[in-house]
Amino acid sequence: MLTAKLFRALSGMYIINVLHINEVFCPNKFGQISYRDACFTGENIVFNKLKCPQKGGVFTDLERHLMNDLKFTNIAEENRSAFHSLMRTYAKELDEHQHRNTDPDILTRWTDRIIEKQHEASRCLKLCYSGGKLIGFLYAKIDSADDRGHKQIGFGCIMEFYIVPEQRRKGFGRDMLLYLEDFFRKNGVTQLYLTADPVTGKPFWTAMGFTATGENSPDNGQEIYEKSCPIDFSTQNAPLV
């Protein structure tokens, strides 16, 4: 295993903040590559081919993930209506899974409230685009004593996380989680938690390394899942979602 190295990939083609180099796939020496690893045996790094000419390895597993070109943006006037529409789609899917009906007026007011709070340092609300198309959104916060309802002070709470159905199983979910982990890590958070929709949420979050606590949230009755916020990319070997 190579010595761990962190570096920034400043490329207009890819949205890559930091890559954690901990295991390089070179058939004649090392082992299986992780999704977020890259060849770093020298400065000759070819991101579109991911070749390791010094060791003879060719990294095909990484290519699709690095070419997602996932972009994260704030909500502004020009995309506010698109976010409201996406929230209605998201709520409808959850309602179908949980056999309930969300009041549309309540949903609109709640959406407006989280937009208003998006610039607070303890919160992260982003729309997610790939190839110019809106593919999902994420919303998270760091719990504090002033928060209403269930809270785990100092924990990072993933409040909402959604990818439109036709864009699932392309690696976007893992990349969005990596973005959130980076946000939490920069703010000194070491533990994460969430409540998972039993139909689509539970399989995804368990694949991402979250484990059930056996406790249900008093806010929505769903089971609470927790995970340590990694100092490296612990989701790197997870399946496509």
Which is it for I158 and T195 under the side chain to side chain contact (heavy atoms under 4.5 Å, CB included) test, yes or no, and what are the steps along the way? CA-CA 8 Å; I158 299 177; T195 59; over 6 Å; no
Would F155 end up clustered with L125 when hydrophobic side chains under 4.5 Å apart are linked, directly or stepwise? no
Determine, stepwise, if the pair Y225 / Y193 fulfils ring-ring contact (aromatic ring centres under 6.0 Å, His included). CA-CA 5 Å; Y225 288 74; Y193 81 98; over 10 Å; no
Let me confirm one number: the CD-CG distance from Q222 to N216, rounded to the nearest 0.5 Å. 8.5 Å
Do the non-hydrogen side-chain atoms of V189 and Q191 ever get within less than 4.5 Å of each other? no
Between the main-chain N or O of S144 and the side-chain N or O of D147, is there a donor-acceptor pair closer than 3.5 Å? yes
What are the two closest heavy atoms between D219 and G149, and how far apart are they? OD1-CA, 3.8 Å
Could you check whether D182 pairs with R185 (Lys NZ or Arg NE/NH1/NH2 to Asp/Glu carboxylate O, under 4.0 Å)? yes
Would R123 and E120 pass as an ion pair if we require N to O under 4.0 Å? yes
Hey, does E215 have a side-chain heavy atom less than 4.5 Å from the side chain of E223? no
Run the side chain to side chain contact (heavy atoms under 4.5 Å, CB included) check on N79 and T73 step by step: do they pass? CA-CA 10 Å; N79 57 22; T73 68; 3.9 Å; yes
Within the 4.5 Å heavy-atom criterion, are M176 and I135 side-chain neighbours or not? yes
Flag the pair F83 / L134 as yes when at least one side-chain heavy-atom distance between them is below 4.5 Å, and no otherwise. no
Going from OG1 on T108 to CZ on R113, what distance comes out if it is rounded to the nearest 0.5 angstrom? 11.0 Å
Do the charged groups of K227 and E181 touch, with an N to O distance under 4.0 Å? yes
Should Q98 and N220 be marked as a side chain to side chain contact (heavy atoms under 4.5 Å, CB included) after you check the CA-CA gap, both sets of side-chain angles, and the distance that decides it? CA-CA 11 Å; Q98 300 170 35; N220 59 18; over 6 Å; no
Looking only at heavy atoms, which two atoms of G201 and A196 are closest? And how far apart? C-CB, 4.0 Å
How long is the span from the SG atom in C157 to the CD1 atom in I142, to the nearest 0.5 Å? 11.0 Å
Does the ring center of Y179 lie less than 6.0 Å from the ring center of F72? yes
How long is the straight-line distance from CG of L138 back to SG of C128, given to the nearest 0.5 Å? 4.5 Å
Are Y90 and F137 an aromatic pair by the rule of ring centers under 6.0 Å? yes
Taking C-beta and beyond as the side chain, do H150 and I224 meet within less than 4.5 Å on heavy atoms? yes
Tightest non-hydrogen contact, residues P203 and P198, listed as CD-O, 4.2 Å
Minimum side-chain heavy-atom gap I115-H84 below 4.5 Å: yes
Short question: side chain of T206, backbone of K202 - any donor-acceptor pair under 3.5 Å? yes
Distance check, rounded to the nearest 0.5 Å: Y162 atom OH versus L127 atom CG? 13.5 Å
Verify same cluster id: V199, I163 (apolar side-chain graph, 4.5 Å): no
I'd like to know if the side chain of D143 reaches the main chain of Q152, judged simply by a donor and an acceptor atom lying under 3.5 Å from each other, with no hydrogens or angles considered. yes
Under 3.5 Å, is there a donor-acceptor pair between the side chain of D197 and the main chain of T200? yes
OH of Y139 to CD of Q118, rounded to nearest 0.5 Å, is 10.0 Å
Salt-bridge test for E93 and R168: reply yes if a basic N is under 4.0 Å from a carboxylate O, no otherwise. yes
Taking C-beta and beyond as the side chain, do F204 and F210 meet within less than 4.5 Å on heavy atoms? no
Which atom of F184 lies closest to which atom of C229, heavy atoms considered: CB-SG, 4.1 Å
Assess whether a salt bridge exists between K151 and D146, defined as any Lys/Arg side-chain N lying under 4.0 Å from an Asp/Glu carboxylate O. no
Going by distance alone, is a donor N or O of one side chain under 3.5 Å from an acceptor N or O of the other, for D95 and T102? yes
In the structure I gave you, are the side-chain heavy atoms of S130 and F172 within less than 4.5 Å of one another anywhere? yes
